[in-house]
Number of protein chains: 2
Amino acid sequence: MSAEPAPAPPQLPTATGYALLGLLSFGRELSGYELKQWADGSLRFFWSAPAMSQVYRELERLAESGFVEQRSVVRDGTRSTKVYRLAPAGDAAVRAWLAEIPEPPVLKHPIALRVFFGHLLDPADLRRAVEAHRNWCEQVLHDLNTVRDDLGDDPAWRNAALVAEWGMEYYHGDLEAVARVEQAAIDEAAPGASPA
Amino acid sequence: MSAEPAPAPPQLPTATGYALLGLLSFGRELSGYELKQWADGSLRFFWSAPAMSQVYRELERLAESGFVEQRSVVRDGTRSTKVYRLAPAGDAAVRAWLAEIPEPPVLKHPIALRVFFGHLLDPADLRRAVEAHRNWCEQVLHDLNTVRDDLGDDPAWRNAALVAEWGMEYYHGDLEAVARVEQAAIDEAAPGASPA
DNA sequence: TGTAGCATGTAAGCCGTTACATGATTGA
DNA sequence: TCAATCATGTAACGGCTTACATGCTACA
């Protein structure tokens with residue numbers, strides 16, 4: 001008959017939780033804010049980056065379940081920050097998750113959608129969409145390039161560098177494929193109607 | 001002072017709703033079941049295919065908002081089926097949506113994730129993940145090939161065929177990129193330890 | 001006779017988002 | 001002193017999923 005609150009059943013993390021565990025597995029002790037920054041600078045290129053509020057919620061759950069250890073530190077000045085470190089249970093959990101057969105990839109490609117529904121857009125709108133997509137890809141390529149440079153040839157970041165390189169090829173290929181499909185789609189829409 | 005239920009405010013469709021409107025824009029009158037089948041055979045390759053229950057819910061909302069027209073038909077035998085046809089408001093709505101600046105693409109790539117967190121997997125697990133991914137891609141390529149063949153060179157399906165072709169290149173490229181990255185990641189993990 | 005496909009939904013719940021709220025610190 | 005960034009959350013909501021429930025029809 002204890003009056004203590006029932007211990008939370010250690011439920012398994014969500015995909016986002018596992019991703020945070022993965023980031024913590026590099027050994028650093030990080031705050032929610034820092035984890036979000038890092039996710040935005042790495043995971044977002046090939047997985048997804050959760051909202052800030054989601055990061056905090058997940059960290060709380062991970063701490064409740066014993067997958068991470070939480071403590072408050074005073075870093076510089078007087079303010080205290082909560083920082084998180086991977087616990088042994090968290091290490092085991094994320095390893096087990098990654099060893100599972102993966103889910104299929106998820107792709108939502110707005111240009112492919114617009115080509116598919118091409119009869120509902122006029123060529124100018126399609127071109128505007130392609131241009132926005134191209135700008136976005138170029139920004140991503142620029143960011144990835146910076147990331148790649150920052151990683152250098154430190155063996156500790158070799159895998160991250162590999163993925164950054166993969167990402168650059170990927171988005172480069174996307175750019176090329178979109179250009180091809182745009183040309184074909186617009187040619188179809190107005191055969192022979194080339195601009196003066 | 002009428003006692004009638006307040007008419008539902010015609011709220012804008014969700015992305016899934018727009019996708020259904022897009023499918024209906026090809027002019028056919030379809031049931032929820034048929035729309036789901038079609039989404040699974042087309043949209044899923046480059047966008048996403050909603051769950052069956054989601055299709056029904058969206059169709060109901062689209063009907064409430066006047067974007068589609070609903071009627072019950074008896075198709076063969078005695079059973080009646082609800083079928084949906086695009087209403088003028090739905091046509092306008094989906095056109096306007098597609099003409100907007102698109103959201104950025106979404107990509108969740110399980111192999112990239114596993115390479116990034118490569119220090120948490122042993123090479124055998126990475127290989128298993130890659131193999132599962134490869135099987136998945138090959139299935140998709142097979143399905144896309146069937147789709148492409150079925151579309152033939154009917155000008156009415158020219159855009160769909162373009163996207164199917166794009167998809168085949170895309171997943172082919174994925175396969176190649178994954179093979180490259182796998183080789184590099186495994187080489188790194190065990191340098192000099194080539195199989196006998 | 002039973003299984004697979006056709007066909008339509010309801011219920012519950014998670015995941016993640018946006019919007020909101022707060023306050024300290026740093027540098028222009 | 002103002003804006004940007006660091007830092008941490010809460011509240012409300014929406015989208016989509018899985019699991020469940022139901023029943024007909026065709027075919028082997």
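Nothing here was measured: the structure is a model prediction, and the numbers come from that model. Letters A, B, ... are given to chains in the order of the sequence lines, protein chains preceding strands, and every chain is numbered from 1.
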Self-check item: Contact residues, residues 98-106 of chain B to DNA chain D [heavy atom, < 4.0 Å]
Solution: none

Quiz prompt | Test of ring centre spacing under 6.0 Å for A:Y33 and A:W38 | solution = no

Self-check item: Ring centres under 6.0 angstrom apart (A:F117, B:W97)
Solution: no

What is the separation between atom [atom1] on [X] and atom [atom2] on [N], rounded to the nearest whole Å?
X: A:Y18; N: C:dG16; atom1: OH; atom2: P; value: 13 Å
X: A:Q70; N: D:dA7; atom1: CD; atom2: C1'; value: 14 Å
X: B:D40; N: C:dC6; atom1: CG; atom2: C1'; value: 14 Å
X: B:R71; N: C:dT8; atom1: CZ; atom2: C1'; value: 18 Å
X: B:M52; N: C:dC6; atom1: CE; atom2: P; value: 11 Å

Quiz: residues 119-127 of chain B side-chain donor-acceptor pairs under 3.5 angstrom, not counting sequence neighbours:
unit_1	atom_1	unit_2	atom_2	d
B:H119	NE2	A:S25	OG	2.8
B:D122	OD1	B:A124	N	3.4
B:D122	OD1	B:D125	N	3.2
B:D125	OD1	B:R128	NH1	3.2

Quiz prompt | ring pair (Phe, Tyr, Trp, His ring centres under 6.0 Å) partner of B:F116, chosen from A:F46, A:W157, A:W166 | solution = A:F46

Exercise. With sequence neighbours excluded, tell me which residues meet side-chain hydrogen bond (donor to acceptor under 3.5 Å, both in side chains) with B:E100.
Key: none

Quiz prompt | All side-chain hydrogen bond (donor to acceptor under 3.5 Å, both in side chains) counterparts of A:R61, not counting sequence neighbours | solution = none

Between the protein and nucleotides 13-16 of chain D, which nitrogen or oxygen pairs are less than 3.5 angstrom apart?
unit_1	atom_1	unit_2	atom_2	d
D:dG15	OP2	B:R61	NH1	3.4
D:dC16	OP1	B:T16	OG1	3.3
D:dC16	OP2	B:T16	OG1	3.1
D:dC16	OP2	B:Q54	NE2	2.9
D:dC16	N4	B:R57	NH1	3.3
D:dC16	N4	B:R57	NH2	3.0

Do any side-chain atoms of residues 47-57 of chain A form donor-acceptor pairs under 3.5 angstrom with protein atoms, and if so which ones, sequence neighbours left out?
unit_1	atom_1	unit_2	atom_2	d
A:Q54	NE2	A:E58	OE2	3.4

Quiz item: In the hydrophobic cluster built from side-chain contacts under 4.5 Å, what are the other members alongside A:V83?
Solution: A:V73

Self-check item: DNA chain C contacts among residues 26-36 of chain B, heavy-atom distance under 4.0 Å
Solution: B:S31, B:G32, B:Y33

Quiz prompt | Pairwise side-chain hydrogen bond (donor to acceptor under 3.5 Å, both in side chains) hits with a residue in residues 102-114 of chain B, at least two apart | solution = B:H109-B:D174

Quiz prompt | Check against salt bridge (charged side-chain N to carboxylate O under 4.0 Å, His left out), B:D91 and B:R95 | solution = CA-CA 6 Å; B:D91 184 84; B:R95 282 174 191 271; 2.9 Å; yes

Exercise. Scan residues 16-31 of chain B for pairs that pass salt bridge (Lys or Arg N to Asp or Glu O under 4.0 Å), counting only residues two or more places apart or in two chains.
Key: B:E29-B:R71, B:E29-B:R85

Exercise. Scan residues 134-146 of chain A for pairs that pass salt bridge (Lys or Arg N to Asp or Glu O under 4.0 Å), counting only residues two or more places apart or in two chains.
Key: A:R44-A:D143

Quiz item: Any N or O donor-acceptor pair linking the side chain of A:S53 to the base of C:dT18 at under 3.5 Å?
Solution: yes

Quiz item: Between B:D40 and B:K36, does at least one N-O distance fall below 4.0 Å, as a salt bridge requires?
Solution: yes

Quiz item: Looking at five pairs on each end of the helix from C:dT1-D:dA28 to C:dA28-D:dT1, what is the angle between the two axes, given to 10 degrees?
Solution: 30°

Quiz item: For D:dG9, does OP1 or OP2 lie under 4.0 Å from any side-chain N or O of A:Y56?
Solution: no

